[in-house]
A.B. asks: 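Quick one: this structure, given as structure tokens, is what I'll be asking you about.
Each residue takes its place number in the sequence, starting with 1. Start at 1 and go down the list; that is how both ligands and their atoms are numbered.
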Amino acid sequence: MARMKEVSTDIARCIDLADVSRYAAEEFVRLANEATGSGGRFTVALSGGSTPKALYTLLATDTFRVRIPWEKVHLFWGDERCVPPDHADSNYRMVRESLLNHAPIPKENIYRILGEDSDPGKAATSYESTLRESFGLTPTQLPRFDLVLLGMGDDGHTASLFPHTAALSEMQRLVVANYVEKFGTHRLTLTIPVINHAAQVVFLISGGSKAAVLKEVLEGKDDPHRLPSRLIHPVTGKLLYIIDQAAGQELSQV
Ligand code: 6PG
């Protein structure tokens, strides 16, 4: 595993998407058993996207499902579209179909973002309350996820933190409704401070279409509002990029 210049950033170089998913699934099993070993729960913020979806599908297979203490796993979402839970664009629906329908997760351990709310601001506030209640937070505390899973778009976005959008400057709220011009709609997303407060953040990145932006994110100069993924640096936690050869083809060889 190549180490980046920052001590807490690692890169796992995998062969292809299947290899990325296998590596990520082993990390998920390891972190889940570490978090629950002494009786605790395992809190995860899930990402949308096709690359994370491949991991969820793998976690639901016999090979991995039986190695995870699902009764202690608590699933949250890092972002959600402003659509009902059965809509084709819903990140919740994607996780339900790829994982929830196949793993014995107690319903009370699933914390869905209410994308169907006609008022995105209200949906964001509601999810903040869900986080505060589930993590037992005071009004000024941040939730510390054991694991935040992230994908990365070819524009450098992650979660629903898109280039040059208002959410990138939000340093107080836990969850915001972020207006994304190019979609002409709001997205609901965890904010940078919440993601950076996690114990472990893992990017799952696959495919040649991400090669140029990944090089900029990992090796380029600071231009974070153009490349939101560059804003992801856990304050005390760890950062792991799990990438395949196609996505990493433009990175400097270490
Ligand atoms: C979403 C995701 C988004 C996604 C990236 C990467 O709601 O779509 O949260 O951030 O992870 O766009 O998606 P792919 O892995 O499909 O390229």
A.B. asks: List the closest protein heavy-atom neighbour of atom 1 (C) of ligand 1: residue, atom name, distance to the nearest 0.1 Å.
C.D. replies: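 Nearest protein contact, heavy atoms only, for atom 1 (C) of ligand 1 is R81 NH2, 3.4 Å.
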A.B. asks: Does Y92 offer a backbone N or O that forms a donor-acceptor pair with the side chain of E80 under 3.5 Å?
C.D. replies: yes
A.B. asks: For atom 5 (C) of ligand 1, what is the nearest protein heavy atom, given as residue, atom name and distance?
C.D. replies: H157 NE2, 3.5 Å
A.B. asks: Under 4.5 Å between any side-chain heavy atoms of H74 and Y111, yes or no?
C.D. replies: yes
A.B. asks: Given R41 and S134, is the side chain to side chain donor-acceptor pair (under 3.5 Å) satisfied, shown in steps?
C.D. replies: CA-CA 11 Å; R41 67 180 190 165; S134 180; 2.9 Å; yes
A.B. asks: In the protein, what heavy atom is nearest to atom 4 (C) of ligand 1, and what distance, to one decimal place, separates them?
C.D. replies: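 Result for atom 4 (C) of ligand 1: G48 O, 3.5 Å.
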A.B. asks: Considering only non-hydrogen protein atoms, determine which one is nearest to atom 10 (O) of ligand 1 and report residue, atom name and distance to 0.1 Å.
C.D. replies: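 Protein heavy atom with the smallest distance to atom 10 (O) of ligand 1: A159 O, 2.7 Å.
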A.B. asks: Suppose I only count heavy atoms of R187 and a 4.0 Å limit; which atoms of ligand 1 are within that range?
C.D. replies: 7 (O)
A.B. asks: Below a 4.0 angstrom heavy-atom separation, can you tell me which part of S206, side chain or backbone, both or neither, approaches ligand 1?
C.D. replies: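 Looking at S206 and ligand 1, no heavy atom falls under 4.0 Å.
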A.B. asks: Which label fits F135 and F145: parallel for a plane angle under 30°, tilted from 30 to 60°, or perpendicular past 60°?
C.D. replies: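 Judged by the thresholds at 30° and 60°, the geometry between F135 and F145 is perpendicular.
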A.B. asks: Any atom of ligand 1 sitting under 4.0 Å from a heavy atom of K53?
C.D. replies: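 Outside the 4.0 Å threshold, so no.
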A.B. asks: What atoms in ligand 1 come closer than 4.0 Å to a heavy atom of P52?
C.D. replies: 15 (O)
A.B. asks: How does T51 reach ligand 1, if at all, at less than 4.0 Å between non-hydrogen atoms: by side chain, backbone, both, or neither?
C.D. replies: both
A.B. asks: Between R30 and E26, does any NZ, NE, NH1 or NH2 come within less than 4.0 Å of an OD or OE carboxylate oxygen?
C.D. replies: no
A.B. asks: Which residue and non-hydrogen atom of the protein lie closest to atom 17 (O) of ligand 1, and at what distance in Å?
C.D. replies: K210 NZ, 2.6 Å
A.B. asks: Should F76 and L114 be counted in the same cluster of Ile, Leu, Val, Met, Phe, Trp and Tyr side chains packed under 4.5 Å apart?
C.D. replies: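 Shared cluster, no.
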A.B. asks: Treating D244 as the side-chain partner and I15 as the backbone partner, does any N or O pair qualify as donor plus acceptor under 3.5 Å?
C.D. replies: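 Between the backbone of I15 and the side chain of D244 there is no qualifying donor-acceptor contact (under 3.5 Å).
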A.B. asks: Please determine whether a side-chain nitrogen of the Lys or Arg among D117 and K122 lies less than 4.0 Å from a carboxylate oxygen of the Asp or Glu.
C.D. replies: yes
A.B. asks: Just to be sure I read this right, does ligand 1 sit under 4.0 Å from the backbone of E80, its side chain, both, or neither, counting only heavy atoms?
C.D. replies: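 It is neither; nothing of E80 touches ligand 1.
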A.B. asks: Return the closest protein heavy atom for atom 13 (O) of ligand 1 as residue, atom name and distance.
C.D. replies: G49 CA, 3.7 Å
A.B. asks: Measure D154 to ligand 1 on non-hydrogen atoms and call it side chain, backbone, both or neither using the 4.0 Å cut-off.
C.D. replies: neither
A.B. asks: Is the distance between the ring centroids of F42 and F28 less than 6.0 Å?
C.D. replies: yes
A.B. asks: Flag the pair E216 and K221 as a salt bridge only when some basic side-chain nitrogen lies within less than 4.0 angstrom of an acidic carboxylate oxygen.
C.D. replies: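 Salt bridge: no.
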A.B. asks: So if I count the atoms of ligand 1 from 1 in the order they appear, which ones are less than 4.0 Å from some heavy atom of G151?
C.D. replies: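 Every atom of ligand 1 under 4.0 Å from some heavy atom of G151: 11 (O).
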A.B. asks: Which of the atoms in ligand 1, numbered in the order shown and given with their element, are less than 4.0 Å from a heavy-atom of S50?
C.D. replies: 14 (P), 15 (O), 16 (O)
